[in-house]
Amino acid sequence: MYRYDMSVQEIMTKSVISVGVQDTLSTVKEIFDNAGFHHLLVVEGEELIGVVSDRDLLKAISPNIGTPLETPDDTLTLEKRVYQIMSTDLIVLTDNACVADAVNTFNNHVISCIPVVDGQQRPVGIVSWRDILRILPVHREEVASMAVR
């Protein structure tokens with residue numbers, strides 16, 4: 001049952017994949033192609049320092065990659081490093097935040113994911129707008145029944 005005060009820990013993706021700042025975009029592309037994720041967390045040591053989205057990757061590499069038009073120059077775009085395309089102006093939630101905090105964060109910022117960190121800024125999960133939408137069907141039924149009254 002959906003509760004606006006439920007913890008983000010109940011809805012966040014806990015199995016996050018992280019990359020380092022020196023990893024290549026080839027590595028990032030391989031992860032996105034095989035893992036089904038849309039965001040990767042960038043860590044230095046254990047501390048969260050950035051986020052890379054699949055859209056960031058698509059903007060940074062040649063659109064000819066994997067096509068018959070691919071040239072050696074196109075392939076070179078895969079050698080760029082994560083630090084060259086990652087977002088570092090991070091908006092995060094702590095692991096004790098609630099879903100209402102996540103909704104407010106999405107409403108107040110143009111972002112598609114919110115990393116969830118512990119007290120030492122270590123990533124413990126990630127919340128996307130899709131995670132929020134997954135819990136809404138139960139709530140939608142409640143709202144519909146209230147509208148009929």
Undergrad: Do Val99 and Glu10 come close enough that some side-chain heavy atom pair is under 4.5 Å?
TA: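 SC-SC contact between Val99 and Glu10 ruled out.
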Undergrad: CD1/Ile132 to CD1/Ile114 distance, rounded to the nearest 0.5 angstrom?
TA: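 Ile132 CD1 to Ile114 CD1: 7.0 Å, rounded to 0.5 Å.
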Undergrad: Is there side-chain contact between Ile126 and Phe37, with heavy atoms separated by less than 4.5 Å?
TA: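 SC-SC contact between Ile126 and Phe37 ruled out.
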Undergrad: List, one per line, each side-chain donor-acceptor pair under 3.5 Å for residues 38-49, sequence neighbours excluded.
TA:
{"unit_1": "His38", "atom_1": "ND1", "unit_2": "Asp54", "atom_2": "OD2", "d": "2.8"}
{"unit_1": "His39", "atom_1": "NE2", "unit_2": "Ser112", "atom_2": "OG", "d": "2.8"}

Undergrad: What salt bridge (charged side-chain N to carboxylate O under 4.0 Å, His left out) pairs are there with at least one residue in residues 23-39, not counting sequence neighbours?
TA: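 Residue pairs passing salt bridge (charged side-chain N to carboxylate O under 4.0 Å, His left out), neighbours aside: Lys29-Asp33.
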Undergrad: Could you tell me which residues satisfy side-chain hydrogen bond (donor to acceptor under 3.5 Å, both in side chains) with Ser18, sequence neighbours excluded, listed by chain and number?
TA: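 None.
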Undergrad: Restricting to pairs with a member in residues 66-78, which pass salt bridge (charged side-chain N to carboxylate O under 4.0 Å, His left out), not counting sequence neighbours?
TA: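 Listed once each, the pairs would be none.
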Undergrad: Which heavy atom in Phe106 sits nearest to a heavy atom in Trp129, and how many Å separate them?
TA: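 Reported closest heavy-atom pair: CZ-N, 3.5 Å.
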Undergrad: Within this structure, what is the CG-OG1 distance for the pair Asp131 and Thr13, rounded to the nearest 0.5 Å?
TA: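 The CG atom of Asp131 sits 4.5 Å away from the OG1 atom of Thr13.
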Undergrad: Other than Leu58, what residues sit in its cluster of Ile, Leu, Val, Met, Phe, Trp and Tyr side chains whose heavy atoms are under 4.5 Å apart, directly or through others?
TA: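 Reading the cluster by chain and number, Leu58 sits alone, since nothing else belongs.
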Undergrad: Search all heavy atoms of Pro115 against all heavy atoms of Val51 and return the closest pair with its distance.
TA: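 In terms of heavy atoms, the two residues are closest at CG-CG2, 3.7 Å.
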Undergrad: Could you tell me which residues satisfy side-chain hydrogen bond (donor to acceptor under 3.5 Å, both in side chains) with Thr24, sequence neighbours excluded, listed by chain and number?
TA: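 By the side-chain hydrogen bond (donor to acceptor under 3.5 Å, both in side chains) rule, Thr24 matches Thr27.
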Undergrad: In residues 86-98, what donor-acceptor pairs under 3.5 Å come from side-chain atoms, sequence neighbours left out?
TA:
{"unit_1": "Thr94", "atom_1": "OG1", "unit_2": "Asn96", "atom_2": "OD1", "d": "2.4"}

Undergrad: In terms of hydrophobic clusters joined by side-chain contacts under 4.5 Å, are Val16 and Val52 together?
TA: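 No, Val16 does not connect to Val52 through the hydrophobic network.
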Undergrad: What's the shortest heavy-atom distance between Ile85 and Ala60, and which atoms?
TA: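 Scanning both residues completely, I find the closest heavy atoms to be CG2-CB, 3.5 Å.
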Undergrad: Would you compute the distance between atom OG1 of Thr77 and atom CG of Leu57 and round it to the nearest 0.5 angstrom?
TA: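 It comes to 8.5 Å.
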Undergrad: So which heavy atom on Ile31 is nearest to which on Val19, and how close?
TA: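 Heavy atoms only, the tightest pair is CD1-CG1, 3.7 Å.
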Undergrad: Shared ILVMFWY cluster between Tyr83 and Phe32, side chains joined below 4.5 angstrom?
TA: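 Yes, it is one cluster - the side chains of Tyr83 and Phe32 are joined through contacts under 4.5 Å.
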Undergrad: Distance check, rounded to the nearest 0.5 Å: Ile61 atom CD1 versus Leu76 atom CG?
TA: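 Between Ile61 CD1 and Leu76 CG, I get 13.0 Å after rounding to 0.5 Å.
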Undergrad: Same hydrophobic cluster for Ile111 and Val103, using side-chain heavy-atom links shorter than 4.5 Å among ILVMFWY?
TA: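 In one cluster with Ile111: Val103, yes.
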Undergrad: Rounded to the nearest 0.5 Å, what separation is found between the CD1 atom of Ile11 and the CD1 atom of Ile135?
TA: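 The CD1 atom of Ile11 sits 4.5 Å away from the CD1 atom of Ile135.
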Undergrad: Give, for atom CG of Asn104 and atom NE2 of His109, the distance between the pair rounded to the nearest 0.5 Å.
TA: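 Between atom CG of Asn104 and atom NE2 of His109 there are 9.5 Å.
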Undergrad: Can you confirm whether Asp101 sits close enough to Val8 that some side-chain heavy atom of one is under 4.5 Å from a side-chain heavy atom of the other?
TA: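 Asp101 vs Val8: side chains apart.
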Undergrad: How would you list, by chain and number, every residue that makes a side-chain hydrogen bond (donor to acceptor under 3.5 Å, both in side chains) with Gln84, sequence neighbours excluded?
TA: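 For Gln84, no residue satisfies side-chain hydrogen bond (donor to acceptor under 3.5 Å, both in side chains) once neighbours in sequence are set aside.
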